[in-house]
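Have a look at the structure below before the remarks.
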2 protein chains.
Amino acid sequence: MPTTCLTGRHDKHDVYAEQCPCRGVLDLLANKWTALAIGALEDGPQRFGALQRRLEGVSPKVLTQTLRRLEEAGFVDRTVYPAVPLHVEYALTELGAGVAEPLRGLRSWVERHLDELLG
Amino acid sequence: MPTTCLTGRHDKHDVYAEQCPCRGVLDLLANKWTALAIGALEDGPQRFGALQRRLEGVSPKVLTQTLRRLEEAGFVDRTVYPAVPLHVEYALTELGAGVAEPLRGLRSWVERHLDELLG
DNA sequence: GGCACCTACTTTCTTTTGGAAAGCATGGAG
DNA sequence: CTCCATGCTTTCCAAAAGAAAGTAGGTGCC
């Protein structure tokens with residue numbers, strides 16, 4: 001009997017179950033730009049332009065999409081400062097800070113073991 | 001001065017650097033199906049059909065692609081048993097077992113915190 | 001006024017990837 | 001022979017990623 005996980009919140013959640021909302025969350029988090037963006041925000045709130053420079057090679061479209069999805073899911077807060085010049089700051093929420101830890105684990109594993117992969 | 005990370009293996013690797021081979025590896029690992037497949041293989045070597053049933057909703061094409069990429073990168077071993085009936089077993093390599101840990105961290109974070117995300 | 005510049009996007013277009021459905025090859029069993 | 005099982009591959013379509021250019025609100029310069 002496979003573990004079931006319907007949308008109700010009293011079930012035990014299972015990322016392997018197709019209908020579990022876990023799936024959508026995993027799909028959002030298990031993503032290159034998400035892992036990099038959340039990692040960048042661990043250093044503190046950052047503006048759009050700073051993130052764009054840090055995540056080398058990201059296009060503004062994809063960065064906007066990534067940040068909006070993270071905001072919608074509750075991992076990131078977006079604050080507009082209407083001061084001159086206008087700017088926007090992105091910061092991790094408490095949940096975002098929580099998920100930053102496993103993501104940092106993944107990023108640092110890659111950096112630590114790249115030589116073995118290339119060798 | 002941004003951290004540089006060219007293809008040579010004497011540099012310090014940086015997932016934020018566009019030209020670092022880290023990027024390709026992160027892109028492979030930071031993926032829904034990769035995270036689920038490697039997690040499934042933590043229970044021991046598994047056959048194609050078993051993985052397909054476990055990763056609910058994966059199509060055979062995408063599962064094949066995922067497993068082949070993981071094999072090419074050195075995370076998974078693919079063994080064909082020409083016995084009757086023919087079957088194929090996928091198993092984690094040492095590297096695969098290593099990366100399974102941070103990926104498990106991510107999966108289990110999602111399962112543990114889903115209620116907060118939905119609430 | 002008119003033009004350049006800044007920030008933060010949005011739009012458009014092309015390429016790449018993902019996903020559903022069906023087909024194929026091999027080798028039994030009946 | 002047909003039917004089934006495993007492990008894919010092929011085909012087709014839709015969704016997403018990526019590159020390039022454009023937009024919009026406001027400041028400052030001359």
Side-chain angles (χ1 to χ4, degrees), chain A residues 15-20 23-38 40-41 45-73 76-91, chain B residues 15-20 22-38 40-41 44-73 76-91:
Chain A
V15 287
Y16 286 92
E18 195 172 4
Q19 298 307 319
C20 182
R23 268 297 175 76
V25 176
L26 185 64
D27 206 14
L28 171 61
L29 294 174
N31 170 280
K32 178 178 52 169
W33 296 126
T34 295
L36 292 172
I38 290 194
L41 292 174
Q46 315 236 356
R47 300 163 50 161
F48 186 89
L51 288 170
Q52 200 181 331
R53 283 185 293 278
R54 180 109 191 251
L55 277 58
E56 292 179 26
V58 74
S59 73
K61 187 189 85 169
V62 172
L63 183 56
T64 301
Q65 278 176 357
T66 303
L67 292 168
R68 291 290 215 284
R69 278 181 213 156
L70 288 172
E71 190 197 359
E72 205 190 328
V76 160
D77 271 335
R78 178 175 182 267
T79 311
V80 180
Y81 293 89
V84 173
L86 161 98
H87 68 274
V88 182
E89 255 186 17
Y90 296 91
Chain B
V15 287
Y16 286 91
E18 194 172 3
Q19 297 307 318
C20 182
C22 283
R23 269 297 175 76
V25 176
L26 185 65
D27 206 14
L28 170 61
L29 294 174
N31 170 280
K32 179 179 48 168
W33 297 125
T34 295
L36 293 173
I38 291 194
L41 292 174
Q46 314 236 356
R47 298 163 53 161
F48 186 88
L51 288 170
Q52 201 182 333
R53 282 184 293 275
R54 179 109 191 250
L55 275 59
E56 292 179 23
V58 74
S59 72
K61 188 189 89 170
V62 171
L63 183 55
T64 301
Q65 278 176 358
T66 302
L67 292 168
R68 289 280 157 75
R69 277 180 211 155
L70 288 172
E71 190 196 358
E72 204 190 326
V76 160
D77 273 336
R78 180 176 182 268
T79 311
V80 180
Y81 293 89
V84 172
L86 161 99
H87 68 273
V88 183
E89 256 188 17
Y90 297 91

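Chain A is the first sequence line, chain B the second, and so forth, proteins listed ahead of strands; every chain is numbered from 1. Quick caveat, the model's predicted, so the values are computed rather than measured.
As judged by a 4.0 angstrom heavy-atom cut-off over every strand, A:Tyr81 is placed among residues making no nucleic acid contact.
The CH2-P distance, from B:Trp33 to C:dG19, rounds to 6 Å in whole Å. Distance CZ (A:Arg78) to P (C:dA8): 10 Å, rounded to an integer number of Å. Atom-to-atom, CD of B:Gln46 to P of D:dC8 comes out at 14 Å; the value is rounded to the nearest Å. In this structure, the CD atom of A:Gln52 is 13 Å from the P atom of D:dA20, given to the nearest Å. The distance from atom CZ of B:Arg68 to atom C1' of D:dT9 is 10 Å, rounded to the nearest whole Å. We find that CG of A:Leu51 is positioned 10 Å from P of C:dC9, with the value rounded to whole Å. Taking atom CZ of residue B:Arg53 and atom C1' of nucleotide D:dC8, one finds them 14 Å apart after rounding to whole Å. Counting to the nearest Å, the C1' atom of D:dA19 and the CD atom of B:Glu18 are 12 Å from each other.
Sparse packing is recorded around CD of A:Glu72, with 12 or fewer heavy atoms of other residues, nucleotides or ligands lying under 6.0 Å away.
Residue A:His87 places its side chain closer to C:dT7 than to any other of D:dA17, C:dT10, C:dT7. In this structure, of C:dA20, C:dA8, D:dC8, it is C:dA20 that holds the atom nearest to the side chain of B:Ser59. Checking C:dC9, D:dA17, C:dG18 against every side-chain atom of B:Gln65, the shortest atom distance belongs to C:dG18.
For the pair A:Trp33/A:Leu63, no side-chain contact is recorded, criterion being any heavy-atom separation below 4.5 Å from C-beta on. With a 4.5 Å cut-off on side-chain heavy atoms, B:Lys32 and B:Val58 do not count as touching.
Between B:Pro60 and B:Arg69, it is B:Arg69 whose nearest contact on DNA chain C lies nearer the 5' terminus. Comparing B:Arg47 and A:Lys61 against DNA chain D, the residue whose closest nucleotide sits nearer the 5' end is B:Arg47.
Using bins of under 30°, 30° to 60° and over 60° for the plane-to-plane angle, the ring pair B:Phe48/B:Tyr90 lands in the tilted bin.
For D:dA16, neither phosphate oxygen OP1 nor OP2 lies less than 4.0 angstrom from any side-chain nitrogen or oxygen of B:Lys32.
Of all heavy-atom pairs spanning B:Ala40 and B:Leu51, the tightest one is CB-CD2, 3.7 Å.
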